[in-house]
Amino acid sequence: MENNKIVVTYRKSYTSKLLTALTWGAFCLAMAVLAFLVLFILIKGLGNITPDLFALEYTSENASLVPAVVNTLFMTIISLLIAVPLGVFAAIFLVEYTDNKGKLVSLIRITAETLSGIPSIVYGLFGMLFFATALNWGYSMLTGAFTMAIMILPLIMRTSEEALLSVPDSYREASFGLGAGKLRTIFRIVLPSAIPGILSGIILGTGRVVGETAALIFTAGTVAKYAGFMDSGRTLAVHMYVLSSEGLHMDKAYATAVILLGFVLLINGLSGLAAKKIAKG
Amino acid sequence: MKVREMKETLMKIVFLIAACASVLAVILICVFLFANGIPAIRQIGVFDFLLGKTWKPGNNLYGVLPMIMGSIYVTAGAIIFGVPIALLTSIFLARFCPHKIYGFCRSAINLMAGVPSVVYGFFGLVVLVPFVKEVFGIPNGNTMLTASILLAIMILPTVVGVTESALQSVPDSYYEGALALGATHTQSVFFIVVPAAKSGIIAGIVLGIGRAVGETMAVIMVAGNQARMPKGLTKGIRTLTSNIVLEMGYAADLHREALIATGVVLFVFILIINLIVTVLNRRSEHGK
């Protein structure tokens with residue numbers, strides 16, 4: 001770098017002023033885009049939230065979103081029921097039973113990293129080929145939920161791992177000192193202290209499932225009805241995609257976008273709360 | 001005593017099995033994707049598939065090159081628009097942001113990361129598409145340019161997240177040393193701290209590239225989706241991801257397999273990108 005020029009004082013350094021202005025400018029631009037997006041959707045959408053949007057049944061004249069909301073909750077719950085135990089147990093293995101070295105541990109880490117980078121459409125293809133075709137589950141909530149579970153698994157693993165690592169070793173030593181075994185120490189001492197961190201991972205995972213579209217179109221399908229385990233059903237994000245690509249119910253697409261954004265705001269708020277709890281310890 | 005020991009061992013095995021779930025998942029994904037995609041590539045012919053310029057399932061022509069080029073162009077556009085802004089934003093957050101508003105700024109970026117891609121796509125459809133149509137005076141606003149702008153917005157939080165933590169992890173002594181030599185705050189940050197965080201920053205950008213290549217729904221909604229070689233910024237374009245979603249619904253036989261093979265190409269792209277990120281991250285950890 002041009003070291004000889006760095007002698008100039010702050011006031012006279014025009015490059016410094018310019019670069020500072022640029023960082024502020026870029027930041028303001030990013031915030032402006034976000035504010036524009038959120039406000040645009042809120043302003044256009046809030047007026048379109050009408051009672052018939054919340055009709056209990058979906059019909060071709062009235063694109064009600066209640067079945068989609070119910071399906072979204074259902075889908076989220078099943079996929080969390082699969083992914084959370086797997087992810088938390090995997091994190092327990094990595095943190096409590098290994099010294100973070102060895103081939104198996106690095107293999108687990110590499111695969112988890114790989115999973116978190118795979119695009120959702122590839123998950124969709126895989127879910128279609130494996131759960132729907134090879135296991136013969138067809139387009140169903142279960143196919144969708146298993147696909148979602150694999151998708152959020154690395155997220156749950158990583159946040160649980162961080163949460164377990166942040167539990168002070170003195171807790172474990174005290175528990176061992178009192179004569180508790182390893183298992184008891186993990187379930188009675190370590191896990192309860194790590195719950196806020198694990199919770200924030202679960203909340204982030206919920207956000208992923210709620211927002212996912214591409215992977216669900218080919219696994220859970222797009223039927224706009226209340227769905228059981230083996231039925232095809234659309235979640236809210238899929239509902240939103242179908243509405244906007246059909247172009248028949250644009251007003252309802254706006255309203256659905258508001259509700260999706262509402263979910264995201266809620267989820268972000270909750271994970272913020274969980275994070276604060278960790279900071280308090 | 002015996003029962004307790006058995007329980008301990010049993011649970012250890014349960015934990016081990018859970019830990020292997022991600023390994024199993026990656027193996028299953030590779031096996032199923034490749035087993036279903038490779039035969040189609042073979043049948044079509046590797047060169048005809050990867051380098052063929054026409055995609056006409058009706059005529060049994062499955063050339064995926066237009067989609068590969070589409071993905072590359074759209075991603076390049078997103079990087080050109082998005083990365084400078086993302087980099088400056090993360091420098092701002094790491095070193096310029098007033099303490100009072102930092103928490104707010106971070107949660108705003110997190111909010112941006114959490115907005116579902118279908119909502120971004122919808123925003124693009126109702127705001128960006130008409131905007132581009134108006135500005136360029138073209139009959140249809142579903143263009144490569146529109147998709148690039150939208151993707152630039154979408155990858156911003158990803159790139160900011162990684163580069164900011166790379167910048168934060170540069171030791172304070174570097175910055176202080178620069179100040180002590182008479183550099184201004186801005187000079188220290190831009191000429192000392194940023195170069196020191198180089199490999200972390202590049203990892204962030206590569207991760208952003210991965211996100212842009214893999215993004216599906218938002219691109220479908222704004223890119224026009226014509227399956228032909230990209231012809232210019234103001235023309236429509238189809239990416240690898242959209243090719244799959246658009247036609248999978250009604251495809252059968254070889255057509256369906258060719259779409260899965262498109263997924264294989266995409267998957268290989270992403271694996272290479274992931275590998276680069278891993279190597280870069282490892283290097284930035286060693287550099288500390």
Side-chain angles (χ1 to χ4, degrees), chain A residues 1 6-7 10 13 16 19-20 22-24 26-27 29-31 33-34 37 40-41 86 89-90 92-94 97 107-108 111-115 117-122 125-126 129-130 150 153-154 157 181-183 207 211 213-214 217-218 237 240-241 244 253 257 260-261 264 267-268 272, chain B residues 4 7-8 11-12 14-16 18-23 25-26 28-29 32-33 36 85 88-89 91-92 96 107-108 110-112 114-119 122-123 125 127 153 156 181-184 186-187 190-191 210 214 216-217 221 241 244-245 248 260 263 266-267 270 273-274 277-278:
Chain A
M1 247 32 73
I6 291 179
V7 203
Y10 191 63
S13 170
S16 287
L19 287 173
T20 311
L22 272 179
T23 63
W24 275 92
F27 168 74
L29 183 64
M31 289 300 116
V33 169
L34 178 66
L37 178 113
F40 181 83
I41 286 180
L86 273 182
F89 281 5
I92 290 178
F93 179 77
L94 288 174
Y97 287 90
L107 182 67
I108 292 169
T111 50
E113 263 169 45
T114 311
L115 279 184
I118 294 178
S120 58
I121 180 71
V122 172
L125 281 181
F126 165 70
L129 292 170
F130 182 63
I150 298 178
L153 180 67
M157 255 171 90
K182 189 153 196 168
L183 210 54
T213 315
I217 291 181
F218 304 122
M240 158 108 206
Y241 172 66
S244 57
L260 265 177
L261 263 187
V264 173
I267 284 164
N268 271 295
Chain B
R4 197 177 117 179
K7 222 167 125 191
E8 296 267 347
M11 281 313 282
K12 187 180 172 180
V14 170
F15 294 144
L16 174 67
C20 291
S22 63
V23 182
V26 170
L28 279 177
I29 291 174
F32 272 83
L33 219 53
N36 284 282
I85 292 173
L88 287 168
T89 306
I91 293 172
F92 174 84
F96 286 89
S107 42
N110 285 344
L111 173 67
M112 235 174 147
V115 174
S117 63
V118 61
V119 173
F122 183 68
F123 175 76
L125 189 70
V127 176
I153 299 172
L156 188 96
L181 288 171
T184 65
T186 314
Q187 286 165 340
F190 272 86
F191 300 116
T216 314
M217 305 322 286
M221 290 160 90
T241 51
I244 303 168
V245 174
M248 196 48 114
I260 295 168
L266 176 69
F267 188 53
I270 294 293
I273 289 168
N274 280 354
V277 175
T278 314

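To find a chain, count down the sequence lines: A is the first, B the second, and so on, and within it residues start at 1.
Counting heavy-atom pairs closer than 4.5 Å to chain B, the top residue among A/G207, A/G181, A/A257 is A/G181. Comparing B/I273, B/L111, B/V127, B/L33 by how many heavy-atom pairs each has under 4.5 Å with chain A, the most go to B/L111. Of the listed residues B/I91, B/V245, B/L156, the one with more heavy-atom pairs under 4.5 angstrom with chain A than any other is B/V245. Of the listed residues B/G214, B/S22, B/A21, the one with more heavy-atom pairs under 4.5 angstrom with chain A than any other is B/S22. The residue among B/V118, B/T278, B/L266 with the most heavy atom pairs within less than 4.5 Å of chain A is B/V118. The greatest number of non-hydrogen atom pairs below 4.5 Å with chain A, out of B/M221, B/K7, B/K12, is found for B/K12. Interface summary for chain A: among B/N110, B/V14, B/V26, the most heavy-atom pairs under 4.5 angstrom belong to B/V26.
Taken to the nearest 0.5 Å, the CZ atom of A/F40 stands 7.0 Å off from the CZ atom of B/F123. Note that CZ of B/F96 and OG1 of A/T23 are 4.5 Å apart. Values are rounded to the nearest 0.5 Å. Rounding to the nearest 0.5 Å gives a distance of 7.0 Å between CD1 of A/I121 and OG1 of B/T241. Atoms CD1 and OG1, on B/I29 and A/T111 in that order, are 10.0 Å from each other to the nearest 0.5 Å. Note that CG of A/L22 and CZ of B/F190 are 7.0 Å apart. Values are rounded to the nearest 0.5 Å.
B/F92 and A/F27 have parallel rings, their planes meeting at less than 30° on a 0 to 90° scale where 60° marks the start of perpendicular.
In this structure, B/M217 and A/I217 have side chains that are in contact, with non-hydrogen atoms separated by less than 4.5 Å.
Proximity to chain A (any heavy atom under 4.5 Å) is restricted, for B/L125, to the side chain, taken from C-beta onward. When heavy atoms are compared at a cutoff of 4.5 Å, B/S107 does not approach chain A at all. With a 4.5 angstrom heavy-atom cutoff, A/F218 touches chain B only via side-chain atoms.
Closest approach of B/G263 and A/V122 over heavy atoms only: O-CG2, 4.4 Å.
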Notebook entry, point to check: Does the pair B/R4 and A/L183 meet the rule for a side chain to side chain contact (heavy atoms under 4.5 Å, CB included), with working shown?
Noted result: CA-CA 9 Å; B/R4 197 177 117 179; A/L183 210 54; over 6 Å; no

